[in-house]
Asker: 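A single structure is presented below for examination.
First the proteins, then the strands, lettered A, B, ... as listed; each starts at 1. Only a predicted model underlies this, so the values are computations on that prediction, with no experimental measurement involved.
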Amino acid sequence: MTRVTIPIGPQHPLLKEPLSFMLTAEGERVVDSVLRLGYVHRGIERLAEERSWVQNVHLLERVCGICSHIHTTTYCQGVEALLELEVPPRAQMIRTLMCELERIHSHLLWLGVLAENVGFTTIFMYSWRDREMVLDIMEDLSGGRIAHAVNIIGGVRIDPDAEQLDSIRRGLDKLQQQVDTLLDVVQHERSLRVRTQHVGRTTKELVRRHCVVGPVARAVGIDEDIRRDAPYAAYDRLSFKVITESGGDVWATALVRVRETSESLSLCHQILDQLDPGDVATRAGRRVPAGEVVSRAEAPRGEVIYYIRSAGTDKPARLKIRTPTLPALSLLGEQLRDIKLADVPVVLSGVDLCIACADR
Amino acid sequence: MDTQAILDALNDACPDHTFDAQAIPIDETVIEVPVICLKRVVACLGSGFSISHLSTITGQDTGTELELLYHFWSKGGLTLRVVLPYDDARIDSLTAVIPGADFYERELAEMLGVRLEGHPRSGLTEAEGFEHFLLPEDWRPGRPPLRKKQPPKENES
Amino acid sequence: MLNRLVQWARRRSPWVLHYNSGGCNGCDIEILDLLTPRYDVERLGILKEASPRHADILLCTGPVTRQSRDRLRRIYEQMPAPKWVVAVGTCATSGGVFRGSYNMLGGIDQVIPVDLYIPGCPPRPEVIIEGLARLLATIDVPEDKPPRDAAEPPAEQLKSVAADEGEASDDGD
């Protein structure tokens, strides 16, 4: 059969972000794909070497607009380890609270994008409407819907009062009902299942070979989560389940993400109950002693890694960012093989790409 | 992760080098590995300890030489440090053992100008050794942006 | 007569194309948010388009990277005239925090002409709507229809759109 090459992107209705694909199709079947990144490559790693430690918090918040808080968390905890700073428990708790709120926001956003890509606009509207509630909570806490600027080196910038905490609790309760509804839809709604079950299937072996992390790995039954395996911030004081599924298809990743959202809501409640009064930051010096650090944290999409090296000056000597989308993209090449052309948008949304993260 | 057992196994696998472990924050073990031993060490970690999850590869220019850090993860962080001289920045590709290393290695090639031997997409273009992945197509060859000797901003295109 | 109809339609129902030329997704998800129940710009007649050939307004987010430059230019060229470009967010306006990077050209206006800047990191959806309203207010309208106040509340605007629809069909006849 004749082969057709279909270019997708960088500007394409099914992509929310610029990334370029060359799909090779034989009739209705996709046989190969070539990926090109770099449309949003901003050279952040190099820029970070020219900015001071404090300025970098603001720069790194803008690696990605969806998981902005996790980037500053990973960076700040790395720098704090170099400075040998003791971060106050209250600050750790607030950091963790923001991490979990961000996970809820990211997962609901993702569910909407998946629903839109399978043509289920109702759920897109529902989940984005519910996402507004999390954004309201985050705005109430930090003053920003998307960029929160909560982390500083040595702690956090915000100190919520009792009234704010109460309003967060009310918001979370309302959200819990909505998430239960969404979970019910994902589990039982036939049209969504037909479009996502057995689509974009991966195996444990493939996931391991491509070193994939996060919900995609947990959807094939790999029980790994940095929050539990190497607790950072306040996770050692909280209890939660690591959600796994065994299907490995897009439906399984959807189940993992929606259940994780529920789990995050419970984490938020635990944090609000355990939030003791105290300081929210310790003072940090402008120079960071020479040394290197590898900092890991669990972003909504999987493990984020920062390697930071200081030469003892007021700027980092090297700052390396690895985001979870990069291994997911590596796996995507395998997933986009021998599938129907019409399934491409579903497979693409299944891995939850964040090109801004991958390009840096 | 049993660091001593790993060191013993590595010493057996590469008898002409003595391996030593160093701890850096946050709970990361660093082992220095000579360039020629890298493939053997990675094979040994994979077969003997099931450490084959390569989180990423950091490449950096320390000002005197190039340094590659292979960050592995197996319920704990393990980093292999490989030092390359400026004038002979070549290293064996790991893609045959760990397919997930593909993108990280391409990044090394683009950002630091490291030549990766045996990489499936290596040698597609002559100037850089790779087709561009993150950098723009019109990027001038021979100017990897993460080498320290580069001016931080390239005004001319 | 036809011209007036086209003008009216352009002002009352602008079709918008969104392109991210190097941003962090922050502005992009706020733009996507415009379509969802809380903001729902479709009720104001603003339609998000997928093809440059159907679009009146180009919403640009992010600074321009070297790799995106040609693509952005091509999208602009593919849009039919008259066309307007809105730079959404601080990065699109000036390059923002990414200024000085080796892969960065700066704001959108380094590559294509910009008609309106909406600063903010990221700007709130309300601000983006207001920006679009201000832009639409500057679009020429037939003499018997003076430009409306840009700060008109959405509910009012809905009513006036409904009223105008009746007039339009008269115009068309």
Asker: Heavy atoms only, distances under 4.5 angstrom: which of Thr65(C), Thr61(C), Leu72(C) has the most pairs with chain A? Name it, please.
Answerer: Thr65(C)

Asker: Under a 4.5 Å heavy-atom cut-off, does chain C meet the side chain of His71(A), its backbone, both or neither?
Answerer: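 No part of His71(A) comes within 4.5 Å of chain C.
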
Asker: Should Pro125(C) and Arg145(A) count as side-chain neighbours, where that means a heavy-atom distance under 4.5 Å?
Answerer: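 The answer is yes; the side chains approach within 4.5 Å.
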
Asker: Evaluate the salt bridge (Lys or Arg N to Asp or Glu O under 4.0 Å) criterion for residues Arg129(A) and Asp33(C): first the C-alpha distance (whole Å), next the side-chain angles of each, then the deciding distance (0.1 Å), finally the verdict.
Answerer: CA-CA 9 Å; Arg129(A) 183 198 63 193; Asp33(C) 221 23; over 6 Å; no

Asker: With only heavy atoms counted, which part of Leu32(C) is less than 4.5 Å from chain A, the side chain, the backbone, both or neither?
Answerer: both

Asker: By the definition side-chain contact (heavy atoms from CB on, under 4.5 Å), identify the one residue from Val63(A), Ile355(A), Val40(A), Ile66(A) that meets it with Asn25(C).
Answerer: Ile66(A)

Asker: Any idea which heavy atoms bring Gly100(C) and Leu47(A) closest together, and the distance?
Answerer: C-CD2, 4.0 Å

Asker: In Å, rounded to the nearest 0.5 Å, how long is the span from CD of Gln67(C) to CG of Asp359(A)?
Answerer: 9.5 Å

Asker: Side chain, backbone, both or neither: which part of Arg360(A) has a non-hydrogen atom closer than 4.5 Å to chain C?
Answerer: neither

Asker: Where does Glu49(C) contact chain A at under 4.5 Å (heavy atoms): side chain, backbone, both or neither?
Answerer: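 Neither the backbone nor the side chain of Glu49(C) comes within 4.5 Å of chain A.
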
Asker: Looking at Phe124(A), I'd like to know if its CZ atom is crowded, meaning that more than 12 non-hydrogen atoms belonging to other residues, nucleotides or ligands lie closer than 6.0 Å.
Answerer: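 Yes, because the 6.0 Å sphere around CZ of Phe124(A) holds more than 12 heavy atoms from other groups.
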
Asker: Please state whether the side chain, the backbone, both or neither of Glu139(A) comes within less than 4.5 Å of a heavy atom of chain C.
Answerer: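 Side chain only.
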
Asker: Are the side chains of His41(A) and Met104(C) in touch, meaning some heavy atoms are under 4.5 Å apart?
Answerer: no

Asker: Measuring from Arg42(A):CZ to Arg66(C):CZ, what's the distance to the nearest 0.5 Å?
Answerer: 16.0 Å

Asker: Measure the spacing between OH of Tyr19(C) and OH of Tyr39(A) and express it to the nearest 0.5 Å.
Answerer: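 So the OH of Tyr19(C) and the OH of Tyr39(A) are separated by 7.0 Å.
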
Asker: Can you give me the closest heavy-atom contact between Gly23(C) and Ala356(A), atom names plus distance?
Answerer: O-CB, 3.9 Å

Asker: Not counting sequence neighbours, which residues clear salt bridge (Lys or Arg N to Asp or Glu O under 4.0 Å) with Arg53(C)? List them please.
Answerer: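 Salt bridge (Lys or Arg N to Asp or Glu O under 4.0 Å) check on Arg53(C) returns nothing, list empty.
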
Asker: For the atom pair CZ (Arg62(A)) and SG (Cys24(C)), what is the distance rounded to the nearest 0.5 Å?
Answerer: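 Those atoms lie 7.0 Å apart.
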
Asker: Return the option, out of Glu132(A), Met125(A), Arg131(A), with the maximum number of heavy-atom pairs under 4.5 Å with chain C.
Answerer: Glu132(A)

Asker: Check Cys121(C) against Ala147(A) and note the closest heavy-atom contact, atom names and distance.
Answerer: O-CB, 3.6 Å

Asker: Given a strict heavy-atom distance threshold of 4.5 Å, which part of Ile29(C) is in contact with chain A: side chain, backbone, both, or neither?
Answerer: both

Asker: Kindly compute the distance separating CD1 (Ile44(A)) from CZ (Phe98(C)), expressed to the nearest 0.5 Å.
Answerer: 4.5 Å

Asker: Just jot down the salt bridge (Lys or Arg N to Asp or Glu O under 4.0 Å) partners of Asp314(A), sequence neighbours excluded, or say none.
Answerer: Arg286(A)

Asker: In Å, rounded to the nearest 0.5 Å, how long is the span from CE of Met133(A) to CZ of Arg38(C)?
Answerer: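 Between atom CE of Met133(A) and atom CZ of Arg38(C) there are 9.0 Å.
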
